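The block underneath contains the structure these notes are about, expressed in structure tokens.
Everything numeric in this text was worked out from a predicted model, so none of it was measured. By convention in this document, chain letters (A, B, ...) are assigned in the order of the sequence lines, proteins followed by strands, and residues within each chain are numbered from 1.
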Amino acid sequence: MLYKDNELKITNSLTGKKEVFKPILDGFVGLYVCGPTVYSHVHLGNCRTFISFDTIYRYLLHLGYKVRYVRNITDAGHLENDAEEGEDKIAKKARLEQLEPMEIVQRYTLDFHKILGQFNNLPPNIEPTATGHIIEQIEMILDIIDNGFAYEANGSVYFDVEKYNESNNYGELSKRKIEDLISGTRSLDGQEEKKSPLDFALWKDAKPEHIMKWPSPWGLGFPGWHLECSAMSTKYLGEKFDIHGGGMDLKFPHHECEIAQGTAATGEKPVNYWMHANMLTLNGKKMSKSTGNTLLPEELFSGNNEALGRAYHPIVVRFFMMQAHYASVLDFSAEALNAAEKGFNRLMEASKLLKDLQTSESSSIDINGLIAKFYTAMNDDFNTPVLVSHLFEAAKFIQAVKAGKETITTNDLAVLSKEMNAFIFDVMGLTELSEEKEESDSLDIVMDLVLQMRQQARENKDWTTADAIRDKLNEAKITVKDDKDGVTWKAK
RNA sequence: GGUCCUGUGGCCGAGUGGCUAGGCAGUGGUCUGCAAAACCAUCUACAGCAGUUCGAAUCUGCUCGGGACCUCCA
């Protein structure tokens, strides 16, 4: 197994250090990633996080780990704000659109899957929903109450942060001190039920007008947002598991609360390695639903947007993201995307050349050394941009072999092909863009005829006619290229 | 205001106490009737100031910018 020969290092948000990854069970990895709240379309920023963790998941698989990848769908409990009258986001949308909450959930879950599929994300092994795990959440609350870290008030249950902090460190993940948190809190209306403004809801009492509610030991209500992840990760990955990931913006309070809940319920910290994917920015600012600074994947794929003015293939966007490290902020712009697109094409061209490259008695470069660099890059906290740079190094070499300037043996070629394909397609999750041959056969026939006539003109050195044909076709959005090996055309 | 992150060449982005990723653009070339494409080569850099050091873009301090979180957000 590859993982035995590769020392994988992961930046652990909990310690702030790059650590050697050691799974709890040799050869197995439990991976939990916070999924979306399905009350509206995923935007491109959301997608970046899921693409980042998809790549991480893929590399773990490539190393031969048996990974159980769990990513939740939040379909209840995510409040608009923390005030007592805070409304569930899904219930709110359902009310506004006069639909069943589950219709909202279904619509945006399907949308989420569709979009991630276009980005060639692998589905997680388990995709549990909050509403499907009400019982588990209630049980976890009972454990937390039993252990003395939560209290009931008017049908709601709150986590007692200050009590927890007496024996634990609330703020460990987000590097905050509880005193600072207390002094920094604003007093919101309708929080009188809480002992402290830091306390967060494990269970909320449902007012009669609420449409999403379940019976519980404390009456009709619904679970708090932070709790579902704790309950479901525990159920499917155990009380302690290897990696928990999510967007940087979930670090506080969401993940901090998860640590607190898990520790309060079991006495042990629930996660060994916390990983946080960084934000995608647009105009230098984080993409965010609440500020409207977003770009929808659909707008990008269709070209139907003001910012870019043309369409981009999802895989090109994915490649664009691969050129930045997951933990760095990445700024989105048309210029950067265009650059990525050209680079992507170059890399794919080189990878296609692998199939019928001329081989020689010896290799003029150290192929194994080059491949080792691929692994070194990914072993270093999944450093895809460095991986990409080495793949370009390989691409340059492949072109040189084709041009007869460098040589490669049959064996080395086989190894290089295998590894390049593994990293480009399996690990980074890129695909060859299918030349969308929508054109009808009749167009092919017509084009053959036209190009033949043009070829005739060229042979007669009738450049005027030949160029006129090319220019006219160009106007009709068909590009003609005269390569050494012949003429090719492509509809734009 | 508090906590934290960050500032790299025209653009995007790695990296790091000395060996100066990569992509795009630019420039030069190969090819071509011309063009396009493709391929090859190549220039431009580490926000500012001070300090530590034989040596810093990389460490420290300050200054100035940008951002994230502290309300919901991947």
Exercise. Does a nitrogen or oxygen in the side chain of A:Lys481 sit under 4.0 Å from OP1 or OP2 of B:A35?
Worked result: no
Exercise. Closer than 4.0 Å, any side-chain N/O of A:Ser328 to the OP1 or OP2 of B:A14?
Worked result: yes
Exercise. A:Glu341 and A:Tyr312: side-chain donor and acceptor closer than 3.5 Å?
Worked result: no
Exercise. Base, sugar-phosphate alone, or nothing: which one does A:Met248 contact when heavy atoms must sit under 4.0 Å apart?
Worked result: nothing
Exercise. Does A:Gln323 have a side-chain nitrogen or oxygen under 4.0 Å from the phosphate oxygens OP1 or OP2 of B:G13?
Worked result: no
For this session: Give a yes/no answer on whether the side chain of A:Lys405 brings an N or O atom under 4.0 Å of OP1 or OP2 in B:C40.
Result: no
Exercise. Does A:Asp467 get its side chain close enough to the base of B:G33, under 3.5 Å, for a donor-acceptor pair?
Worked result: yes
Problem set entry | is_close_aromatic(A:Tyr32, A:Tyr236), centroid dist under 6.0 Å | no
Problem set entry | Identified ring pair (Phe, Tyr, Trp, His ring centres under 6.0 Å) partner of A:Phe159 from the options A:Trp203, A:Tyr170, A:Phe200 | A:Phe200
Exercise. Under 4.0 Å: is that the gap between some side-chain N or O of A:Arg458 and OP1 or OP2 of B:U32?
Worked result: no
Exercise. Within the structure shown, what part of the strands sits under 4.0 Å from A:Lys286 by heavy-atom distance: base, sugar-phosphate, or nothing?
Worked result: base
Problem set entry | Pairing partner of B:C31 (Watson-Crick or G-U wobble, both distances under 3.5 Å) | none
Exercise. Can you tell me how far P in B:U52 sits from the matching atom in B:C64, rounded to whole Å?
Worked result: 23 Å
For this session: Answer yes or no: side-chain N or O of A:Arg470 and base N or O of B:A35 forming a donor-acceptor pair under 3.5 Å.
Result: yes
For this session: Write down the partner of B:A14 under the Watson-Crick or G-U wobble criteria, each distance required to be under 3.5 Å.
Result: none
Problem set entry | Rounded distance in Å between the P positions of B:A47 and B:G10 | 13 Å
Exercise. Would you say the side-chain atoms of A:Lys251 and A:Ser13 include a donor-acceptor pair closer than 3.5 Å?
Worked result: no
Exercise. Quick one: is A:Arg346 getting a side-chain N or O under 4.0 Å of the B:C40 phosphate, OP1 or OP2?
Worked result: yes
Exercise. Between B:G48 and B:U8, how far is it from one C1' atom to the other, in whole Å?
Worked result: 15 Å
Exercise. Touch check for A:His325, heavy atoms < 4.0 angstrom, all strands: base, sugar-phosphate only, or nothing?
Worked result: sugar-phosphate
Exercise. Which is true for A:Ala403 with a 4.0 Å heavy-atom rule: it touches a base, it touches only sugar-phosphate, or it touches nothing?
Worked result: nothing
Problem set entry | Presence of A:Asn383 side-chain N/O under 4.0 Å of B:G15 phosphate oxygens OP1/OP2 | yes
For this session: Identify the heavy atoms of A:Gly284 and A:Asp331 that sit nearest to each other, and give their distance.
Result: N-OD1, 3.3 Å
